[in-house]
Protein chains: 2
Amino acid sequence: MNTQSTRADDILRCARSLIVRGGYNSFSYADISKVVGIRTASIHHHFPSKSDLVRVLVAQYREEASAGLAQLEQNIPDPLDQLRAYLGYWERCFADMAAPFCVCALLAGEIPVLPEDVAVEVRAHFRRLADWLTGVFQRGAAQGRLRLSGTASADAEMFMATTHGAMLSARAYGDAKAFGAITRPLLERIAA
Amino acid sequence: MNTQSTRADDILRCARSLIVRGGYNSFSYADISKVVGIRTASIHHHFPSKSDLVRVLVAQYREEASAGLAQLEQNIPDPLDQLRAYLGYWERCFADMAAPFCVCALLAGEIPVLPEDVAVEVRAHFRRLADWLTGVFQRGAAQGRLRLSGTASADAEMFMATTHGAMLSARAYGDAKAFGAITRPLLERIAA
DNA sequence: GACATGCTACCTACTAGTTGGTAGGTTCTC
DNA sequence: GAGAACCTACCAACTAGTAGGTAGCATGTC
């Protein structure tokens with residue numbers, strides 16, 4: 001396995017931190033150039049077009065997210081604790097980092113102006129997250145740990161929507177604590 | 001009161017439909033120029049800078065939204081029905097229009113790259129909406145029509161977050177019906 | 001060991017098109 | 001004739017993207 005930090009990784013990392021601030025059209029190759037210390041032409045060497053760059057970026061983000069969810073699945077037996085850990089992750093992101101946001105939640109809003117192949121990746125992330133949450137709610141209900149108000153799938157979609165909306169509210173209010181303030185009662189409500 | 005359609009109104013209307021597709025950086029004066037049939041320089045006559053245009057646009061959106069909420073307040077006595085009507089409005093938007101989205105929900109995600117005066121307007125919309133919802137939940141609880149799971153304010157914030165998140169999901173899935181599918185169970189859950 | 005080949009990563013220099021914005025003149029309307 | 005509305009004609013900066021070249025390194029081959 002290749003663990004060394006390559007230039008392409010630097011570019012992806014930088015692009016992610018830029019895209020997370022304001023979406024697809026809020027950053028340029030020139031912005032990356034300044035941070036990474038490479039000419040814009042050289043970025044094109046690694047990622048021929050901007051849509052290539054963002055498509056790879058989102059695909060990588062999806063993989064990381066998927067691995068993260070798998071790890072929650074592995075390390076945390078209780079479904080309610082899994083949801084707690086998931087929200088806790090984002091709460092820590094808001095507390096620690098400068099401009100935290102789910103890459104895909106941000107890009108979802110821009111889907112009508114996104115290159116099609118990027119939109120496909122964003123959609124896939126929503127599906128993956130919803131599927132995982134549905135499983136958590138199913139097991140939680142079966143184990144009597146979570147109280148469903150509808151189907152597991154419907155509750156999962158609602159949970160995801162509330163989480164993403166809480167990110168928007170945190171940004172709108174300019175208050176990192178808002179995310180936790182909105183999502184913590186959510187957990188209390190669904191705990192059996 | 002001036003009810004005639006002016007050029008400035010045409011520009012604002014067009015800009016709104018453009019901004020709703022992909023946010024602040026997804027449209028240009030050239031785009032408006034093509035639709036409205038006016039030169040870009042003439043748009044600058046009405047709105048000296050892009051941030052002026054969007055600030056006025058959001059301010060106008062806020063007024064309309066505020067008027068809409070006031071009308072719900074006036075015409076619909078029951079708090080639960082008020083929420084139903086609010087969500088129904090957005091559900092109809094998703095069903096009828098090409099690219100529906102709450103202007104402020106979209107811009108909230110882009111706040112780090114937004115001109116400060118625009119961000120202020122976006123923030124004000126979130127406050128206004130949260131305040132109204134808090135009032136609805138308070139009255140609903142007092143009248144025994146709504147079941148609170150926390151404070152009225154906390155429930156209101158969660159309701160707003162879920163609504164905004166449902167808009168993101170609808171876009172991500174490319175499915176207008178997703179909005180209603182997510183928000184309808186929300187209503188059922190809080191109905192006493 | 002010398003040398004050709006080919007590849008990766010990067011560069012400079014450039015392009016066409018777009019961006020938001022300005023200067024200054026014309027036309028329409030009250 | 002004053003002012004609003006609109007125009008043409010600009011501008012500098014920026015956009016994604018291309019062309020063509022170079023340096024370094026790994027091959028294989030004589």
Side-chain angles (χ1 to χ4, degrees), chain A residues 1-19 21-58 60 107 110 112-119 121, chain B residues 1-58 60 107 110-119 121:
Chain A
M1 187 180 161
N2 183 14
T3 52
Q4 72 185 350
S5 167
T6 67
R7 232 340 118 72
D9 289 335
D10 293 343
I11 294 166
L12 284 168
R13 207 176 0 258
C14 174
R16 191 193 289 196
S17 80
L18 288 170
I19 214 171
R21 298 186 70 236
Y24 189 88
N25 289 306
S26 77
F27 78 101
S28 70
Y29 273 32
D31 297 326
I32 299 173
S33 164
K34 281 172 209 150
V35 176
V36 175
I38 197 180
R39 297 300 158 126
T40 61
S42 307
I43 304 174
H44 280 286
H45 168 73
H46 294 281
F47 304 98
S49 76
K50 191 179 180 181
S51 68
D52 288 323
L53 168 58
V54 177
R55 181 176 39 76
V56 172
L57 184 159
V58 177
Q60 186 186 280
L107 291 179
E110 299 180 313
V113 299
L114 248 36
E116 181 54 28
D117 49 356
V118 174
E121 291 289 335
Chain B
M1 185 180 163
N2 183 12
T3 51
Q4 72 186 350
S5 167
T6 66
R7 233 337 119 73
D9 289 335
D10 293 343
I11 294 167
L12 284 168
R13 206 177 359 258
C14 175
R16 191 194 287 196
S17 80
L18 288 169
I19 214 170
V20 130
R21 299 187 69 235
Y24 189 88
N25 288 305
S26 76
F27 79 100
S28 69
Y29 274 32
D31 297 327
I32 299 173
S33 163
K34 282 171 207 151
V35 176
V36 175
I38 196 180
R39 297 300 158 126
T40 61
S42 307
I43 304 175
H44 280 286
H45 169 73
H46 294 280
F47 304 98
S49 77
K50 191 179 180 181
S51 69
D52 288 323
L53 168 59
V54 177
R55 181 177 40 76
V56 172
L57 184 160
V58 178
Q60 187 187 280
L107 291 179
E110 300 180 313
I111 277 201
V113 299
L114 248 38
E116 182 53 30
D117 49 355
V118 174
E121 291 289 338

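Chain letters run A, B, ... following the sequence lines, proteins first, then strands; residues in each count from 1. Values in this document were obtained by computation on a predicted structure and should not be read as measured data.
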To the nearest Å, give me how far apart [atom1] ([X]) and [atom2] ([N]) are.
X	N	atom1	atom2	value
Lys50(B)	dT22(C)	NZ	C1'	18 Å
Leu53(B)	dT19(C)	CG	C1'	15 Å
Phe27(A)	dC14(D)	CZ	P	17 Å
His45(B)	dT22(C)	NE2	C1'	14 Å
Lys34(A)	dA13(D)	NZ	C1'	11 Å
His44(B)	dC7(D)	NE2	P	13 Å
Ile38(B)	dA5(D)	CD1	C1'	8 Å
Tyr29(A)	dT18(D)	OH	C1'	13 Å

*asked:* If you assign each of Thr40(B) and Ala8(B) to its closest nucleotide in DNA chain D, which residue comes earlier from the 5' end?
replied: Ala8(B)
Pick base, sugar-phosphate or nothing for [X], based on heavy-atom distances below 4.0 Å to the nucleic acid.
X	answer
Ser42(B)	base
Phe47(A)	nothing
Ala41(A)	base

Measure across [X] and [Y] and return the closest heavy-atom pair with its distance rounded to 0.1 Å.
X	Y	value
Leu12(A)	Phe47(A)	CG-CZ, 3.6 Å
Ile43(A)	Ser33(A)	CD1-N, 3.8 Å
Ser51(B)	Val118(B)	O-CG2, 3.8 Å
Ala15(A)	Phe27(A)	CB-CE1, 4.4 Å

*Backbone N/O of Tyr24(A) and side chain of Glu110(A): donor-acceptor pair under 3.5 Å*: yes
*Within the structure, does a side-chain N or O atom of His46(A) lie under 4.0 Å from either OP1 or OP2 of dC10(C)?*
yes
_Is Ser28(A) close enough to dT15(D) that one of its side-chain N or O atoms is under 4.0 Å from OP1 or OP2 there?_
yes
*Choose from dC10(C), dT12(C), dA16(D) the nucleotide whose nearest atom is closest to any side-chain atom of Arg39(A).*
dT12(C)
